[in-house]
Colleague: 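Here it is: the structure, laid out below.
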There are 2 protein chains.
Amino acid sequence: MTRTLGAPTAGGRGITAALVPVECEVTPLLDVAFSRWTTPVLWTLNEFGRQRFVELERRLGTITPKVLTQRLRQLERDGLVTRTYHPEVPPRVEYEISELGRTLGPLFAGMASWAKDHMDAVESARRSYDEEGKPGR
Amino acid sequence: MTRTLGAPTAGGRGITAALVPVECEVTPLLDVAFSRWTTPVLWTLNEFGRQRFVELERRLGTITPKVLTQRLRQLERDGLVTRTYHPEVPPRVEYEISELGRTLGPLFAGMASWAKDHMDAVESARRSYDEEGKPGR
DNA sequence: CAGCATCCCCCAAGATACTG
DNA sequence: CAGTATCTTGGGGGATGCTG
């Protein structure tokens with residue numbers, strides 16, 4: 001979560017200062033929306049609309065309430081999700097993807113279609129890498 | 001990396017069996033191409049083409065050789081990157097993004113443009129969340 | 001219901017040092 | 001050059017238990 005950028009320690013072996021240390025533009029986004037649970041949570045919110053805590057919990061299947069809370073807080077903090085608290089008895093809380101969060105939709109769609117099209121290729125590559133000692137080595 | 005799916009433990013609080021435990025299609029892809037270093041490595045390979053170990057190391061700036069090796073191995077195993085070893089003295093190894101890996105290009109482009117367009121909004125949301133005790137609570 | 005509090009585990013990633 | 005070998009750590013995530 002904390003990106004230790006700006007630390008010019010250059011790590012052990014001296015960097016001769018030549019050859020561009022280019023910055024990858026997508027890196028910051030990874031912390032925001034792409035990790036084990038943030039993506040599924042966002043995805044679910046985007047697909048099924050406004051939902052209560054338990055609904056999310058159940059749809060996500062294996063997530064624990066603690067983790068769900070953590071991710072939701074992070075997403076709320078980053079402005080991707082809005083939380084509305086209804087002071088009733090029993091309490092009711094609803095989560096909804098924000099305007100900003102919704103702009104991630106196309107990306108998710110792209111990822112889903114990539115997965116659909118290519119994940120089996122990945123798995124087969126994985127198998128052949130494991131079975132053979134390594135194809136060309 | 002290991003996705004503990006299929007464990008129907010349902011975690012602590014009983015799931016009443018109602019309400020769909022829908023599976024998020026993007027999840028498997030996260031392990032493959034979206035984590036702290038796999039994405040930057042893939043990105044760099046996609047942007048700058050075939051490169052040697054050191055070139056990658058330098059362009060990525062803060063990555064350690066150990067981690068770079070680990071990620072490259074995983075990417076090779078998953079068929080997203082190809083490794084060619086030239087038995088010379090000194091040894092030379094070149095990494096190149098594969099056909100399969102290249103199909104991730106559009107996704108990366110989409111992510112980069114999203115970052116460009118919306119990351120400042122995220123950061124400002126983050127700031128206002130931190131400064132105020134929370135906007136509407 | 002919607003959580004927070006705790007304790008624990010695991011592993012990606014950092015630091016550092018050493019070879020074929 | 002292109003790694004491998006250790007040691008260590010941070011924090012995400014699981015398991016359990018307790019409240020407003």
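So you know, we letter chains A, B, ... as the sequences are listed, proteins then strands, and number each from 1.
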Colleague: Of the nucleotides C:dA2, D:dT4, D:dA2, which has the atom closest to the B:Thr69 side chain?
Modeller: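 Between C:dA2, D:dT4, D:dA2, the one nearest the side chain of B:Thr69 would be D:dT4.
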Colleague: Check the distance between D:dA2's C1' and B:His86's NE2 and give it to me in whole angstrom.
Modeller: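 Distance, rounded to whole Å: 14 Å.
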Colleague: Take the protein atom CZ of A:Phe34 and the nucleotide atom C1' of C:dA12, then report the distance between them rounded to whole Å.
Modeller: 20 Å
Colleague: Assuming nearest nucleotide by heavy-atom distance, tell me which of A:Thr38 and B:Arg52 is located more 5' along DNA chain D.
Modeller: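 Its nearest nucleotide lies further toward 5', so the answer is B:Arg52.
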Colleague: Which residues satisfy the side chain to side chain contact (heavy atoms under 4.5 Å, CB included) test with A:Ser124, sequence neighbours excluded?
Modeller: A:Arg127
Colleague: Nearest whole Å is fine: how far is C:dA12 C1' from B:Leu72 CG?
Modeller: 15 Å
Colleague: Mind checking whether A:Leu56 and A:Arg71 have side chains closer than 4.5 Å, heavy atoms only?
Modeller: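 A side-chain contact is absent here, since even the closest heavy-atom pair is not under 4.5 Å.
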Colleague: Going by the rule side chain to side chain contact (heavy atoms under 4.5 Å, CB included), which residues pair with A:Arg92 if we only count those two or more places apart in sequence or in a different chain?
Modeller: A:Arg52, A:His86, A:Glu88, A:Glu94
Colleague: Under the side chain to side chain donor-acceptor pair (under 3.5 Å) test, which residues partner A:Gln51, sequence neighbours left out?
Modeller: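 Scan of A:Gln51 (side chain to side chain donor-acceptor pair (under 3.5 Å), adjacent residues dropped) gives A:Arg59.
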Colleague: Taking only residues two or more places apart in sequence or in another chain, which ones pass side chain to side chain contact (heavy atoms under 4.5 Å, CB included) with B:Ala112?
Modeller: A:Glu25, A:Val26, B:Trp43
Colleague: Where the side chain of A:Thr64 is concerned, which of D:dT4, D:dA15, C:dA2 is the nearest nucleotide?
Modeller: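 Nearest listed nucleotide: D:dA15.
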Colleague: Give me each pair satisfying side-chain hydrogen bond (donor to acceptor under 3.5 Å, both in side chains) with a member in residues 100-117 of chain B, each pair once, sequence neighbours excluded.
Modeller: A:Thr103-B:Trp114, A:Trp114-B:Thr103
Colleague: Can you tell me if B:Arg83 touches the phosphate of D:dG3, counting only side-chain N or O atoms and a distance under 4.0 Å to OP1 or OP2?
Modeller: yes
Colleague: Considering non-hydrogen atoms only, spot the tightest contact between B:Val81 and B:Leu45 and give its length.
Modeller: CG2-CD2, 3.7 Å
Colleague: Relative to the 5' end of DNA chain C, which residue comes earlier, A:Tyr95 or A:Lys66, by the nucleotide with the nearest heavy atom?
Modeller: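 That would be A:Tyr95.
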Colleague: Whole Å only: how far is the CD atom of B:Gln70 from the P atom of D:dT4?
Modeller: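 From B:Gln70 CD to D:dT4 P: 9 Å.
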Colleague: Could you tell me the separation between the CZ atom of B:Arg36 and the P atom of D:dG12, rounded to a whole number of Å?
Modeller: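 That distance rounds to 14 Å.
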Colleague: What's the CG-C1' distance between A:Leu60 and D:dG12, to the nearest Å?
Modeller: 16 Å
Colleague: Nearest to the side chain of A:Trp37, heavy atoms from C-beta on, is which of D:dC1, C:dA13, D:dG13?
Modeller: D:dG13
Colleague: Can you measure B:Phe53 atom CZ to D:dT4 atom P for me and round it to whole angstrom units?
Modeller: 8 Å
Colleague: So which nucleotide from C:dG3, D:dG13, C:dA12 ends up closest to the side chain of B:Arg71?
Modeller: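 Taking heavy atoms from C-beta onward, the closest nucleotide is C:dA12.
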Colleague: From C-beta outward on A:Arg73, which listed nucleotide comes closest to its side chain: C:dG3, D:dC1, D:dA2?
Modeller: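 My answer, after comparing the listed nucleotides, is C:dG3.
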Colleague: Check the distance between C:dC1's P and A:Glu57's CD and give it to me in whole angstrom.
Modeller: 9 Å
Colleague: Need the bend value for the helix from C:dC1-D:dG20 to C:dG20-D:dC1: angle between end axes, 5 pairs each end, nearest 10°.
Modeller: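 Answer for the end axes of this duplex: 50°.
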